[in-house]
Structures are given as structure tokens and as C-alpha cells.
Amino acid sequence: MADDLNYLPAARLAEMLGSGKISSVGLVQSCLARTKAVDGRVKAFNSCDEAGALALAQDSDQRRAAGQARGPLDGIPVGFKDVIAVAGQPLTCSSKMLANFISPYDATVTEKLTAAGAIPFGRLNMDEFAMGSSTENSAFGPTANPWDLTRVPGGSSGGSAAAVAAGEVSLTLGSDTGGSIRQPAALCGIVGLKPTYGLVSRYGLAAYASSLDQIGTMARTVEDAALLLGAIAGHDERDSTSFKADVPDYRAELARSKGRWRLGVPKEFFGAGLDPEVGAAVKAAIEHYRATGCEIREVSLPLAAEYAIAVYYLIATAEASSNLARYDGVRYGRRSAKAKDAVDLYYQSRAEGFGDEVKRRIILGTHVLSSGYYDAYYLRAQKVRTLIRNEFTAVLRDCDALLSPTSPTAAFKLGEKSSDPLAMYLTDIYTISVNLAGLPGISVPCGFTTGGLPIGLQIIGRPFDEAGLLSIARHYEQAHGWYSKHPSL
Ligand code: GLN
């Protein structure tokens, strides 16, 4: 089975499995061969369960032969960001703290995917505990961008984006707290969808900032994103923030797409800091919508534009300081061998286990929650968060969705921003407010820079209207087909 499978969308692979043109074992072998050929350079995977994946592929082929295939994902390998639990597999969060941890249980998304016959293929590199925008904060070393190995893939789900872009697997899961699915999708030239907060269960996702975290899909095409989202969405009693929403057949909904949408363009998202080539590509995509009958309106999101980054880094770090308190070397995580006494054990274990960015955030988060500062920082940030949410709600009353760049620049050089946290934080300027408002957002490829680096268009939708959002994304994708281009590697 050949290399030509490597860049096929999952929907096409599903057809070929269905017609018997390929087997799941053959498909897994082809993914393994591709991973062996390119991952030494890309470093998307932290680990890969070769034997486990082949065994599940065999099961899938047997089911299919017996006429008992479980649906389109049966037999298709899916890569997991190393923050989502798969029973019996490592769950490291790309941290020394959890370097030797094997998950004893499955996340809800894992249960759902394996019930659909999908094959957990391997663990994907990320910024430690999902904190970062470049995948350089991984304790295991950075992932490279398949389009230019001297550049970052974006982050924190950089491994998930790079694995798809490099043709290692067609589908991966990521998590998005402030942009970590959409931004790496943009920088790697793939489709990344962050669902509405509450649509996909967070049970089994190692927590970073619980009121913002959401698991989502990374894929080559919008149709594949619809396919994967349909398999992981839905209410879950084990996640108290999970919403009781109907899960439509997102893929079938694409065919019913109505067109002629009313689309808002937030004027503040095209100001200073936006790279001119990125701005031009996004504006050309907006023109495509206008030319095909959509109504384009300029809208304004002044609070989101001005305060989202500040509000996010108060709320996200506050929640992180609380969520990461459990890694103390006693209850969870690496235990230091050097400690002199019990208090020193906590101190040494955390000092050894966490990387610099994680420590920076725990310190900031602890500070903003401490008495005397809580009202001035944390509480005020929560109030501004509500105002940002209201601002989006008002704008989305008259618009079906909003269009903007995903990231202000294309992929930057490895090391370029790693010593400047503020410059790194600004790379999420267009994505972070979407998490604060709990809305769904998708990044779709919309062209390349003159240097050959992918550019992403962000589309922001109404809460729980993923079907509409996917249709709007597909409308553009079908006309341009950027997904047919691949890095040469
Ligand atoms: N880059 C942002 C951060 O560092 C967002 C990360 C994410 O979405 N997980 O927090």
C-alpha cells in the first residue's frame, strides 16, 4: 500500500475501506511508514503505539469482512494530542512532570472514537500543559513546521497540526484554550475546528484552564472536520459543563448548505500588527464570499480587540494555578529523589517537573488569586469577559458568522519569540476572544505567503451552530481547494 494514501482526506479513505480497495491494516502500515520516513525531521509524535494500532486495524478489517463495520471512521487512524487520555497509553502533556505516566482510563472522546472503530495511532507533541503558541515549550523538544523545518508549527497543538500537514495521519485531535487548534492549523495549512464550549466532553482532557479548554478536530478538509466532530460531540454526564445539545449529522448538513450568508468583518482585527500578506489573503477570501452572493458587513468588537489578551492571561493563569496544584509529587506527578523533608518534596518535585513557561503561569495565576489582588485582577477580568461575550452576542444577532485572520503572521522561525513571552502571547490576538466568549471557531487555509507559508482564515460562528460554521467554511474551501497542496518535505 502506497505513499499515495498519505494525503487523502479521511472521507476518501472511508470510501476506499468501504469498497474494499484498501484495508485498515494497509492504511495503518502506510501511516507508520510515512511517520518513520518524516517524523525524525518533523517530530510531531511523542510516541506511537505501532503494535496496538495494527491489532485494532486487524479487528476493524474483520468487522468489515463480517459486514459489521461501525461507520465511516471504522479502521481510520487518529492522532491524539498528548493531553487527551487513551487507556494504556502515555499521557505526558509534553511535561517532565508526567513523562512516565500511563493513563489508566479513556477520555470520553476516546471512548466515542474507539466505539466508532477509529484507531488511536499515537501521542502528539504540544506545548507543556498546552501553554504556548509554538510547541517550543515541550519538555521533549519542539515540533517543526512541515512547510519549512526551520519554523514553528504553531501551538499548543503543534504536533497535531504538523502530523496532518506532513501526511502522517489524516485526522488528529487537539485542544484549544485560546487558539491552540486554530493557530497551528493556520500555520500548517490545515483545517482546525474549536467547537462551542460544552459541545465536546472534557472528561479525560488534562485541565489547563477549565472554563476555556475545548477539544476539537484537525483535518485536511472541512468535510473531514465534520466527520470527526460528529463522532466526538455530545452530552456527557462526567463533564458538568457539557451541554445537552442535539448533535446533527454535520457531514450531511454540509450538503444542505444554504449559502448567501450575512458575514461580519470585525474592523479591529485588521489593524496594526497584521502582516500585509496575511491581511491581503484574508481580504481576498472575504471578497470571494461577497462575489458569491454573501452580504459582508463591517462590525466592531472594540472590547475584544483591546482587552482579550489581558483578560485571558488573568483568567487562564488563575485557573491553571489551581488545576496544576495537584502535581505535587505526592498525589500526582514526578516525585523528586533529592528532597530533604516533606515540604522540600513538594518544592523539588515541582521545580524539577515543570518547565519555565508553566512556572511563570502558576506564579502569575497564584498572584492574581491572592487576597488583595483577587478583586483588582481576577474579578475584574471576569467582568470584562462578560462584556466581551455580550459584544459578540450583539454582533452575531445580525450576522451568521464573522471572518478574520486566524493569526497575525504566518509561521515564525523556531526560537524567534521564545525569549519574549509578550510577543508570543500576541500571536493569539484574533483567537483568544472566541474562547472567552465560548463560541465555535474554525481556521481554513486561504493561501500562501510569497515565501510559501500557509495562511489561515478564521470563521467565528454562533454558539452550537457548528453545522452552519462548517458550511460557510466549506463554501470557500470548495472554490479554492488549497488543501490539494502539500509540503515537499
Ligand atoms: N497560546 C495560548 C496560551 O499560551 C493558548 C493556548 C491554548 O489554546 N491551549 O495559553
Side-chain angles (χ1 to χ4, degrees), residues 80-84 93-95 124-138 142-143 152-161 172-188 192-195 197 200 202 205-218 308-321 323-324 354-365 368 381 385 406-409 411-412 416-418 420-443 456 458 460:
F80 281 63
K81 184 176 181 180
D82 207 348
V83 70
I84 300 169
C93 299
S94 285
S95 178
L124 291 156
N125 199 15
M126 53 184 277
D127 286 298
E128 184 177 4
F129 285 102
M131 297 175 186
S133 309
S134 66
T135 314
E136 292 167 292
N137 294 336
S138 165
T143 296
V152 303
S156 64
S157 312
S160 303
T172 58
L173 293 180
S175 67
D176 190 314
T177 306
S180 279
I181 287 176
R182 290 159 288 159
Q183 186 256 18
L187 271 47
C188 287
L193 170 69
K194 179 202 95 74
Y197 184 77
V200 176
R202 289 181 296 107
L205 169 70
Y208 160 19
S210 314
S211 77
L212 299 156
D213 297 339
Q214 203 33 212
I215 294 174
T217 63
M218 308 185 77
I309 297 259
V311 166
Y312 172 86
Y313 278 96
L314 295 172
I315 293 175
T317 56
E319 293 184 16
S321 72
N323 277 328
L324 272 60
F354 289 136
D356 288 347
E357 184 61 26
V358 174
K359 286 176 185 159
R360 180 180 294 125
R361 294 187 187 207
I362 292 173
I363 292 168
L364 181 59
V368 306
R385 178 178 187 177
T406 305
S407 165
T409 67
F412 44 94
E416 188 179 322
K417 296 184 201 277
S418 34
D420 185 352
L422 278 183
M424 192 69 91
Y425 296 174
L426 282 170
T427 65
D428 297 317
I429 185 131
Y430 306 132
T431 49
I432 269 179
S433 52
V434 179
N435 299 70
L436 291 171
L439 300 171
I442 191 168
S443 181
Q458 175 175 236
I460 304 164

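Every number for a ligand or one of its atoms is a count from 1 in the order of the listing.
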For Glu128 and Ser95, run side-chain hydrogen bond (donor to acceptor under 3.5 Å, both in side chains): C-alpha distance rounded to whole Å, both residues' side-chain angles, the deciding distance at 0.1 Å, then the answer. CA-CA 5 Å; Glu128 184 177 4; Ser95 178; 2.6 Å; yes

Can you check whether [X] reaches [Y] side chain to side chain, under 4.5 Å on heavy atoms?
X      : Y      : answer
Ile315 : Ser211 : yes
Val152 : Met424 : no
Val434 : Arg182 : yes
Asn323 : Phe129 : no
Ile429 : Leu426 : yes

Taking the non-hydrogen atoms of [X], is any one of them nearer than 4.0 angstrom to ligand 1?
X      : answer
Tyr312 : yes
Arg361 : yes
Ala316 : no

Could you check whether the rings of Tyr313 and Tyr425 sit parallel, tilted or perpendicular, using 30° and 60° as the cut-offs?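 Rings of Tyr313 and Tyr425: parallel, as their planes differ by under 30°.
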
Using a plain distance cutoff, I'd like to know if Gly155 has any nitrogen or oxygen under 3.5 Å from a nitrogen or oxygen of ligand 1.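 No.
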
Output yes when the distance from some N or O of ligand 1 to some N or O of Met131 is under 3.5 Å, and no in every other case.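 No - when backbone and side-chain N and O of Met131 are compared with those of ligand 1, no distance drops under 3.5 Å.
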
Treating Thr406 as the side-chain partner and Gln458 as the backbone partner, does any N or O pair qualify as donor plus acceptor under 3.5 Å?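 Pair found, side chain donor or acceptor close to backbone of Gln458.
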
Without swapping roles, check the side chain of Asp127 against the backbone of Ser157 for a donor-acceptor pair under 3.5 Å.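 Answer holds: no.
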
Under 4.0 Å from a heavy atom of [X]: give me the atoms of ligand 1 that qualify, with their elements.
X      : result
Gly132 : 1 (N), 2 (C), 3 (C), 4 (O), 6 (C)
Gly179 : 8 (O)
Tyr208 : 3 (C), 9 (N), 10 (O)
Ser156 : 9 (N)
Ala130 : 6 (C), 7 (C), 9 (N)

Tell me the nearest of Asp428, Thr431, Asp176 to atom 2 (C) of ligand 1, using heavy-atom distances.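 Nearest option to atom 2 (C) of ligand 1, by heavy atoms: Asp428.
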
Counting only heavy atoms closer than 4.0 Å, does ligand 1 sit against the backbone of Tyr313, its side chain, both, or neither?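 The part of Tyr313 near ligand 1 is the side chain, not the backbone.
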
Protein contact to atom 6 (C) of ligand 1 [nearest heavy atom, distance to 0.1 Å]: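 Result for atom 6 (C) of ligand 1: Ser180 OG, 2.8 Å.
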
